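Have a look at the structure below, then the notes.
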Amino acid sequence: IFFRSKLDNPNKDILEEYYNKNKEKYFFDERRSFSYIYVNLDSLKKNIDVTEDEILSAYEEQKEDFTTPEKRKVVQLFFNNEKLGNESFKKISKDNFKEIAEKNDDISHIDLGLVEKQQLFDEFADPVYSLKENNHTNLIKSDIGWHILKVTKIIESKFKELEKVKEQIKEEISLNKAYDDFDLIIKDVEDEISNGARLEEIKNKLNLNIKKEKLLEKRFFYNSNLPDKIKINSFFKEVYNRDLESDLFVEEIEDGFFVIEVDEIIKGKKKTFDESYNEVLINVKEEDLDKKIKVLSKEFKEKFNEGEDF
């Protein structure tokens, strides 16, 4: 950077000489001017109003979604036969639940962890969720054996208040409305195209925003100032594969659609010196800089080899 700042601009004769020796480097790729309509969900959402009544109504309809269900920590004793289960049931107290299994190899003590009601076997769900903490069920029969279950901890259900989920609900409503608007707009645009309308007519009739790009060079498309969401292959092909006055076509992409009309086509050609001036200037200065760095590097190595201190 320091050396670049110290370089003087070469005079015009030097630049012209360099240009004449390297003309093949300086050319315009095909350039096209085009107009386009681009509609996406984000742009539609910005113009959507969501009322407090709509938010409240959605909140009431989705209350279950904003509720964390009750969970219970459950352990069980499992028996292979009913007799052993009944005998053990009579011996159970609040403190010896696990010990009963430890004293008999035919009894299994199983920790189910924290479970919601819907995660339990149908035979267990109601009995377990009717217990108080540290209480146990009666002997329960299932398809695989007999069980006694105990609740060791209860985590109550939690409910999110409206204020905590208001923005989330508003965003969901806006998005749903945007999808509805999007479907209507794309249908209206397709109908207009079917009736022979051109882009300017569609813009005026449907009150859509139209944008224009002036002489965008083909090789610079992906580095252009176009929105990132349309710097994609399908948009590129629509711009550079269409002819003037081609039929319009709605191209749907992720979260949006676009319609392109080509306004002007200039085929690729060599640049004149004036058109190439800035590029030539940069190239000449870069070569000059490279030469200076090589000279300095050579001088440094020579002095270093001679044992000179720095």
Side-chain angles (χ1 to χ4, degrees), residues 24-51 54 58 168-272 274-276 278-279:
E24 71 284 351
K25 290 171 59 174
Y26 305 108
F27 64 93
F28 285 115
D29 199 355
E30 181 179 302
R31 290 171 289 169
R32 292 194 172 207
S33 298
F34 57 92
S35 306
Y36 67 94
I37 289 172
Y38 170 51
V39 176
N40 65 11
L41 293 174
D42 286 340
S43 62
L44 294 175
K45 278 165 56 180
K46 291 176 182 177
N47 298 317
I48 288 173
D49 293 322
V50 179
T51 67
E54 287 176 310
Q168 177 186 337
I169 293 173
K170 184 177 180 180
E171 176 69 16
E172 289 173 356
I173 294 173
S174 296
L175 184 59
N176 288 333
K177 285 186 173 185
Y179 273 114
D180 292 341
D181 289 350
F182 180 85
D183 290 339
L184 291 173
I185 291 170
I186 198 169
K187 181 181 183 304
D188 288 344
V189 170
E190 287 174 336
D191 288 345
E192 290 300 317
I193 290 174
S194 297
N195 293 330
R198 302 306 294 176
L199 215 58
E200 195 69 30
E201 296 172 288
I202 294 172
K203 167 212 163 188
N204 293 333
K205 189 164 185 180
L206 301 181
N207 195 28
L208 296 175
N209 186 25
I210 190 170
K211 294 187 177 181
K212 295 181 178 290
E213 191 72 24
K214 185 70 175 174
L215 293 179
L216 178 58
E217 200 168 343
K218 188 174 183 179
R219 59 179 169 157
F220 297 135
F221 171 84
Y222 292 100
N223 292 321
S224 68
N225 292 322
L226 289 170
D228 288 339
K229 286 190 175 181
I230 57 175
K231 283 194 282 193
I232 54 178
N233 289 340
S234 58
F235 196 95
F236 175 89
K237 289 176 182 178
E238 283 294 302
V239 171
Y240 293 101
N241 291 349
R242 298 179 72 80
D243 295 323
L244 296 171
E245 302 298 323
S246 289
D247 292 338
L248 300 184
F249 176 75
V250 173
E251 179 78 23
E252 288 194 60
I253 58 176
E254 184 179 359
D255 294 339
F257 76 87
F258 61 79
V259 184
I260 293 172
E261 186 169 8
V262 177
D263 302 318
E264 182 182 7
I265 300 174
I266 298 180
K267 296 297 183 182
K269 69 180 186 70
K270 291 181 180 179
K271 290 183 178 180
T272 64
D274 289 338
E275 290 169 333
S276 306
N278 288 333
E279 291 175 75

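It should be emphasised that the depicted structure is a prediction, and the values quoted were computed from it without experimental measurement.
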statement: Minimal heavy-atom distance between Phe27 and Lys271, with the atoms involved, is O-CE, 3.4 Å
query: With a cut-off of 6.0 Å (strictly less than), are more than 12 heavy atoms of other residues, nucleotides or ligands near CG of Asp183?
result: yes
task: Step by step, work out the side chain to side chain contact (heavy atoms under 4.5 Å, CB included) result for Leu244 and Ile265.
output: CA-CA 8 Å; Leu244 296 171; Ile265 300 174; 4.1 Å; yes
- request: For the residue pair Phe236 and Phe221, categorise the inter-ring angle as parallel (less than 30°), tilted (30 to 60°) or perpendicular (more than 60°).
  value: perpendicular
- prompt: On the ring face of Phe34, is Arg32 found with NZ or CZ under 6.0 Å from the centre and within 45° of the axis?
  reply: no
Aromatic ring proximity, centroids under 6.0 angstrom, Tyr38 and Phe257: no
query: Salt bridge check: are Lys229 and Glu254 linked by an N-O gap of less than 4.0 Å?
result: no
message: Could you walk me through whether Glu171 and Ser174 satisfy the side chain to side chain donor-acceptor pair (under 3.5 Å) test, starting with their C-alpha distance in whole Å, then the side-chain angles of each, then the deciding distance to 0.1 Å, before giving a yes or no?
response: CA-CA 5 Å; Glu171 176 69 16; Ser174 296; 5.5 Å; no
Minimal non-hydrogen separation, Ser234 against Ile253, with atom names: OG-CG2, 3.9 Å
query: So does Asn195 have more than 12 non-hydrogen atoms from other groups sitting under 6.0 Å from CG?
result: yes
field: Asp243 side chain vs Ser246 backbone, donor-acceptor pair below 3.5 Å
entry: no
field: Heavy-atom donor-acceptor pair, Glu217 side chain to Asp29 backbone, under 3.5 Å
entry: yes
- prompt: What is the distance from atom NZ of Lys237 to atom CD1 of Ile260, rounded to the nearest 0.5 Å?
  reply: 12.5 Å
- prompt: Tell me, do Arg31 and Phe220 make a side-chain contact under 4.5 Å, heavy atoms counted?
  reply: no
message: So which atom in Tyr26 and which in Ser276 form the shortest heavy-atom distance, rounded to 0.1 Å?
response: CB-OG, 3.2 Å
message: When you compare the side chain of Val259 with that of Ile202, does any pair of heavy atoms fall below 4.5 Å?
response: no
Lys45 atom NZ: more than 12 heavy-atom contacts under 6.0 Å: yes
Test item: side-chain donor near acceptor, Thr51 and Glu54, under 3.5 Å: yes
query: Taking side chain as C-beta onward, heavy atoms only, is Glu275 less than 4.5 Å from Thr272?
result: yes
- prompt: With respect to Tyr222, which candidate in Asp228, Asn233, Ile232 satisfies the side chain to side chain contact (heavy atoms under 4.5 Å, CB included) definition?
  reply: Asn233
- prompt: Out of Arg219, Lys269, Lys267, which residue meets the salt bridge (charged side-chain N to carboxylate O under 4.0 Å, His left out) rule with Glu30?
  reply: Lys267
- request: State, yes or no, whether a side-chain contact exists between Glu200 and Ile210 at a heavy-atom distance under 4.5 Å.
  value: yes
message: Quick test of your reading of the model: are Arg198 and Glu201 salt-bridged, counting only N-O distances below 4.0 Å?
response: no
message: Measuring only between side-chain heavy atoms, which start at C-beta, is Val239 closer than 4.5 Å to Leu216?
response: no
message: Between Asp191 and Lys187, does any NZ, NE, NH1 or NH2 come within less than 4.0 Å of an OD or OE carboxylate oxygen?
response: yes
- prompt: Is there side-chain contact between Phe182 and Leu41, with at least one heavy-atom pair below 4.5 Å?
  reply: yes
- prompt: Tyr36 and Phe258: aromatic ring centres closer than 6.0 Å?
  reply: no
message: Tell me whether Asp180 is salt-bridged to Lys177, with the criterion being a basic N under 4.0 Å from an acidic carboxylate O.
response: no
task: Any chance you could measure Leu226, atom CG, to Lys211, atom NZ, to the nearest 0.5 Å?
output: 9.0 Å
- prompt: For Ser35 and Lys212, does a side-chain donor sit closer than 3.5 Å to a side-chain acceptor?
  reply: yes
task: Check Ile37 against Asn209 and note the closest heavy-atom contact, atom names and distance.
output: CG1-O, 3.7 Å
query: Does Ser33 have any side-chain contact (heavy atoms from CB on, under 4.5 Å) partners at least two apart in sequence or in another chain, and if so, which?
result: Lys214, Leu215, Asp263, Glu264
task: Nearest 0.5 Å please: distance from the CD1 atom of Ile186 over to the CG atom of Asp181.
output: 13.0 Å
message: I want to check something: taking the side chain as every heavy atom from C-beta on, are Val39 and Leu44 in contact at a cut-off of under 4.5 Å?
response: yes
- request: Using the test side chain to side chain donor-acceptor pair (under 3.5 Å), find all partners of Glu251 that sit at least two apart in sequence or belong to another chain.
  value: none
- prompt: Considering only heavy atoms from C-beta outward, does the side chain of Val50 approach that of Ile169 to under 4.5 Å?
  reply: no
- prompt: Can a salt bridge be assigned to the pair Lys270 and Glu24 using a cut-off of 4.0 Å between side-chain N and carboxylate O?
  reply: no
